[in-house]
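Here's the structure we're looking at; comments come further down.
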Amino acid sequence: MTPDQLSSVIVAALEALVADGSVTLPDGPPSTVTVERPRQKGHGDYATNVALQLAKKAGTNPRAFAELVKAQLEASDGIAAVDIAGPGFLNITVEAGAQGQVAADIVAAGVAYGTSEVLAGQSINVEFISANPTGPLHLGHTRWAVLGDLIARVLQAAGASVVREFYINDRGNQMDLFGASLEAAALGRPTPEDGYQGGYVADLAAVIVAEQPGIVDLPEGERLVAFREAGYALQLKQQQDQLDSFNTHFDVWFSERELHAEGFEGSVEETLQGLKDKGHLFEQDGALWMRTTDFGDDKDRVLIRTNGELTYFASDTAYYLNKRARGFDHCIYLLGADHHGYVGRLRAMAACVGDDPARTLDVMIGQLVKIMRDGEELRLSKRAGTIVTLNELMDEIGVDALRYSLARYPADSPLTLDIAEITKASHDNPVYYVQYAHARTCRMIANATDLGMSLPGDDFDAALLDHERDGELVRALAEFPRVVASAAELREPHRIARYLEDTASVFNKWYDTKECRMLPQGDDPVRPANLARLVLVHATQTVLANGLGLLGVSAPERM
RNA sequence: GCCCCCGUGGCGCAAUGGAUAGCGCAACGGCCUUCUAAUCCGUGGGUUGCAGGUUCGAGUCCUGCCGGGGGCGCCA
């Protein structure tokens, strides 16, 4: 019996109580009830707080209400015992057979185990990283890469239709500055004011000159553009290659330039005209503004500056409309804490174009991440030219450990990573702890195969999984779909990692329990209990592999 | 000044309003002829920043304060 099934059993019990008049609920019985794994041993297999939540509505006290539910539940199939504890919790013990059956169900579901339909029908765009193509990706981008990719993965697992999108800011002042910086480096001139520094600029300039020797002889102006475009292409390619290596794959790379292209449907120009028609724009001091204060922003925002240049916000508005026009009913933006000032204007902008931002827009603000080596912070400074790049991080830490280490913390938690700690190849490193547990299931299954054991099919006797540790493991495995669904709904993929650590721990404890051996010992024959436990190991392998897969981390068969 | 995030053992962090607040590191002590010891078992370590409030129940929600980070440009 899964938690969801148990929830249904409890709902049925409540319905029966209402039907026979034992209790009166003004709103009727709830359609689902909360069922959780108690933290404390001795509180049963599952606990529910329905009595605490419904007693007042039913005009009685929690314990009296609980008594009625208890009697009803005890008569239900698959329930072994029900206790009332504390203020009115119902602690439920499930029959071993009903519970053990879950293991076989997990094996049958296979790679699909953990997926659900809770977000079915939703079309979601997840935009993340969106770095300028003017430099290498660094530590901050790395965190958003992991979070964005994982949010996309859990949303998909929950049934949503998802597109991962990278918005390329390939237009405007920064690009020109980038071109000028490359040009200066190639010509041996000093870097322009506020220009790009760092060794990578000189390296890039050298590559460009090697590929296009004639570039330095181009006329002034033309030369800058040539450097800009060549640098753009190289830098973008590098970002794309590195993200591919990092197991983060985008569906759409959207160029800001497209939004300004002549004849592009939904261009910035058209967008502004549309907003003007709706009366959300006004002119002041020679600039064109959007009246975002009508929708809760701190101040109105400029779209066209006095000098005639469009602001990024103008592009952002057209881009948002473009996403909506492509059919996304939900747009997720993943921004760094240094961009949180954007939230107000994005929401107001969505309202200006006629949307309800609470429904269509989800701006997630990720907190900053620091990284330490030998007790010292590796500082990111473009000015000083010292940048902790994604490439360096992958080289030094490895893709699995790097992804996992960033995946196991919530986005709004400021984070300090220690390189020594996350690269340590031992059990105290969570990524290897989980991977090791998976590898262990693989070895066990291989050993079982060598002994001629195979999955029992219809002969599976779930009631043989009757040890306390068996039950703990089955219940841990049974949580997986709920964890994935909540990770999707809350946009909190770190829950997957935490869950896997917990489950790996339960599995390891089970493994070390003599009474729960899967393989027959010595010359013992293979008994039905051995086969039942083989099912359990298969189910564990399924959950660990599916969970690691959701994190984009490999699930090795041997370590 | 205003806005956002954070404050939980020495350190890094979990905990969807539930019961006795967990995990890893660091410290100390145990178990390998038996399915992988990268596992497991045990010991010590906490007034969840402070003060109120809501609730049957608060680390979690509300108010105020203290401390840290970030943001408040016709820059990105």
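Chain letters run A, B, ... following the sequence lines, proteins first, then strands; residues in each count from 1. Given the structure is predicted, the values throughout are model-derived calculations rather than measurements.
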Checklist line | Between C75(B) (P) and Glu193(A) (CD): distance, integer Å | finding: 15 Å
Margin query: Under 4.0 Å, counting only non-hydrogen atoms across every strand here, what does Pro414(A) touch: a base, just sugar-phosphate, or nothing?
Written below: sugar-phosphate
Checklist line | Sugar-phosphate only, base, or nothing, as touched by Ala47(A) at under 4.0 Å among non-hydrogen atoms | finding: base
Margin query: Treating Asp418(A) as the side-chain partner and Arg373(A) as the backbone partner, does any N or O pair qualify as donor plus acceptor under 3.5 Å?
Written below: no
Check: Could you go step by step and tell me if Tyr200(A) and Gln235(A) meet the side-chain contact (heavy atoms from CB on, under 4.5 Å) rule?
Finding: CA-CA 10 Å; Tyr200(A) 81 93; Gln235(A) 204 52 247; 4.1 Å; yes
Notebook entry, point to check: Which whole-number value in Å describes the distance from Lys370(A) NZ to C11(B) C1'?
Noted result: 13 Å
Next item on the list: Round to a whole Å and report the spacing from OH of Tyr409(A) to P of C5(B).
Entry: 22 Å
Notebook entry, point to check: Using a cut-off of 4.0 Å on non-hydrogen atoms, how would the nucleic acid contact of Asn132(A) be classed: base, sugar-phosphate, or nothing?
Noted result: sugar-phosphate
Next item on the list: Name the pairing partner of G9(B), where a pair is Watson-Crick or G-U wobble with both distances under 3.5 Å, or state none.
Entry: none
Checklist line | Under 3.5 Å on both distances, the Watson-Crick or G-U partner of A21(B) | finding: none
Next item on the list: Name the nucleic acid region contacted by Ile365(A), choosing base, sugar-phosphate or nothing; use a 4.0 angstrom heavy-atom cut-off, strictly under.
Entry: nothing
Note to self: Please tell me whether Phe254(A) and Tyr319(A) form a close aromatic pair, meaning their ring centres lie under 6.0 Å apart.
What the structure shows: yes
Check: Whom does A27(B) pair with, Watson-Crick or G-U wobble, provided both distances fall under 3.5 Å?
Finding: U43(B)
Checklist line | Separation of Ser130(A) OG from Ile168(A) CD1 (nearest 0.5 Å) | finding: 9.0 Å
Margin query: In this structure, how many angstroms lie between the P atom of C40(B) and the OH atom of Tyr433(A), rounded?
Written below: 4 Å
Check: Considering Watson-Crick and G-U wobble pairs with both distances under 3.5 Å, what does U33(B) pair with?
Finding: none
Note to self: Can you identify which nucleotide, out of U36(B), A19(B), C5(B), has its nearest atom closest to the Asn91(A) side chain?
What the structure shows: A19(B)
Margin query: Ring of Tyr409(A), cation from Arg498(A) - is the NZ or CZ under 6.0 Å from the centre and inside 45° of the axis?
Written below: yes
Next item on the list: Mind running side-chain contact (heavy atoms from CB on, under 4.5 Å) on Asp470(A) and Arg533(A) for me, showing each step along the way?
Entry: CA-CA 8 Å; Asp470(A) 293 320; Arg533(A) 298 210 161 92; 2.7 Å; yes
Notebook entry, point to check: Which of these nucleotides, C75(B), G73(B), U36(B), is closest to any side-chain atom of Lys299(A)?
Noted result: G73(B)
Check: U36(B) P sits how many Å from Arg517(A) CZ, rounded?
Finding: 9 Å
Under 3.5 Å, N/O pairs linking protein and nucleotides 20-22 of chain B:
from	atom 1	to	atom 2	distance (Å)
U20(B)	N3	Gln40(A)	NE2	3.3

Next item on the list: Using a 4.0 Å heavy-atom cut-off across all strands, classify Glu256(A) as base, sugar-phosphate, or nothing.
Entry: nothing
Check: What integer distance in Å separates Asn508(A):CG from C40(B):C1'?
Finding: 8 Å
Next item on the list: Return yes if the base of G71(B) and the side-chain atoms of His340(A) contain a donor-acceptor N/O pair under 3.5 Å, otherwise no.
Entry: no
Notebook entry, point to check: Partner of C50(B) by Watson-Crick or G-U wobble geometry, both contacts under 3.5 Å, or none?
Noted result: G64(B)
Margin query: Counting only Watson-Crick pairs (N1-N3 plus N6-O4 or O6-N4) and G-U wobbles (N1-O2, O6-N3), all under 3.5 Å, who is the partner of G57(B)?
Written below: none
Next item on the list: Identify whether any heavy atom of Ser413(A) sits under 4.0 Å from a base atom; if not, whether one sits that close to sugar-phosphate; answer base, sugar-phosphate or nothing.
Entry: sugar-phosphate
Next item on the list: Tell me, with the steps shown, if Trp253(A) and Phe166(A) meet ring pair (Phe, Tyr, Trp, His ring centres under 6.0 Å).
Entry: CA-CA 5 Å; Trp253(A) 293 79; Phe166(A) 188 117; 4.4 Å; yes
